[in-house]
Amino acid sequence: MPGLYQGRNFVSIHDYTVEDVQRIFDLTKALKLDEHTNQRKPILNNKTLGMIFEKSSTRTRVSFEIGMNQMGGKAIFLSSRDIQLGRGETIPDTAKVLSRYVDGIMARVFSHDTIVQLATYSTCPVINGLSDFLHPCQAVADFFTMYEKRGYLKGLHLTYIGDSNNVSNSLMMAAAKTGVDMTICSPGGFTPCDQIMEWWKMDSPLTGAQLTLISDPSEAVSKADFIYTDVWTSMGQEKEEEERRRIFQPYQVNDELLSKASKDVMVLHCLPAHRGDEITDSVMDGPKAAVFDEAENRLHAQKAIMALLMS
Ligand code: CP
Ligand code: NVA
C-alpha cells in the first residue's frame with residue numbers, strides 16, 4: 001500500500017474519496033502495530049521532508065520529524081523566519097526550489113492560499129500541517145482514535161463544542177467521508193463557513209453522515225459518543241482573545257456538561273489546551289479524556305500519509 005497516492009498532495013480530506021480515507025486508517029493501524037511490536041520498516045529510506053513553519057508547533061513538528069526518522073528518512077525544520085520566504089521570496093519560487101531538494105513538503109501556514117500555492121508549484125507532494133482553514137492531519141488522527149476506542153466509525157456521533165475553526169472544519173470533512181454524524185455547537189457568528197457547508201453537502205451523501213448545528217451545549221452533548229473541543233482563540237487571532245473568552249464562556253467542556261452526556265462518552269482535544277478556558281483540568285485529567293492517545297496517533301497517522309504520498 002505505501003506509494004499508492006504517489007505524487008498527490010494532502011491539502012484537504014475533501015480531495016480524497018471514502019475509500020482513500022479508509023486506506024489511510026488501514027495503513028495507520030498497520031504502522032502503529034509495527035511500531036508497538038518493534039517491526040519498523042524503512043519505507044521512506046533516504047527520503048527527506050522539508051517542514052515549513054509560519055506558526056508555533058509541538059505535536060506537528062515533532063511527530064512529522066520522528067515519523068520520518070522511524071521510516072528511515074529525515075526531516076528538515078524550516079522556520080519561515082529564517083528562510084527567504086520570510087524576506088519576500090515568493091511562495092511559487094520557494095516551492096520550485098525546495099522540490100529540487102526534498103521528496104515532500106509539510107507546511108504550517110497562516111493563509112490557506114499559501115498551502116494551495118505550495119501544492120500548485122511544488123513538484124513533490126505537499127502536506128497541510130495546519131492552515132487558518134483546515135487541519136487535515138489532525139482529523140485523520142482523531143478519527144483513527146475514535147475507531148480505536150469504539151472499533152467502528154460509521155454511525156458514531158461526534159459533538160464539537162466551540163469555535164468553528166480549522167480543526168472543526170477538517171473534522172466535518174472526515175465525518176462526511178466516514179459516516180460519522182456530527183453536531184457543531186457554537187455561538188451565533190461562529191458557525192461553519194460557506195465553503196465547508198458546501199463541501200459537507202457534496203460529501204455527506206456518500207456515507208449518509210448527518211449534521212446538526214446548534215447553540216445549546218447541554219442539548220448538543222445528549223447524543224454524543226465523543227465530545228471534542230479546541231481553543232477559543234486560534235493562532236493569529238490573539239487580538240480577539242478577550243472578546244472570545246467572554247463569548248465562549250458558556251461553551252466550556254467541564255464536569256457539569258459531561259454529566260449531561262452518556263456515561264460512556266469520551267473527550268477529545270487536538271491540543272494545546274487552554275486549561276480553564278475551553279476545557280477544565282478535571283476533564284483533561286479525568287477518565288473520559290483520550291487526548292494523549294490522540295496526540296500519539298498524530299505520529300502513526302502522518303506516517304501513513306507520508307508513506308502513501310512519498311514512497
Ligand atoms: N494539535 C497540533 O497541531 O498541535 P501543535 O500545534 O503542537 O502542532
Ligand atoms: N485551532 C488551533 C489549532 C491548534 C493546533 C489553532 O489554529 O491555533
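Whatever order the structure lists them in is the order used to number ligands and atoms, beginning at 1.
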Hydrophobic cluster (4.5 angstrom, side-chain heavy atoms) - remaining members for V116:
none
Under 6.0 Å from the [atom1] atom of [X], do we count more than 12 heavy atoms belonging to anything else shown?
| X | atom1 | value |
| --- | --- | --- |
| D285 | CG | yes |
| F190 | CZ | yes |
| E242 | CD | no |
| Q249 | CD | yes |

Heavy-atom cut-off of under 4.0 Å around ligand 1: list whichever protein residues fall inside it, by chain and number.
S57, T58, R59, T60, R108, H135, Q138, C270, L271, R298
Listing by chain and number, which residues have a heavy atom under 4.0 Å from ligand 2?
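Residues within 4.0 Å of ligand 2: L130, N165, N166, V167, D230, V231, S234, M235, L271.
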cation_pi(K149, F226) dist<6.0 Å, angle<=45:
no
Those residues that, when tested against D103, pass salt bridge (charged side-chain N to carboxylate O under 4.0 Å, His left out) (two or more places apart)
none
Quick one: sort the Y147 and F144 rings into parallel, tilted or perpendicular, breaks at 30° and 60°.
tilted
Looking only at side chains, do R108 and T60 share a donor and an acceptor under 3.5 Å apart?
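Present: a donor and an acceptor within the cut-off.
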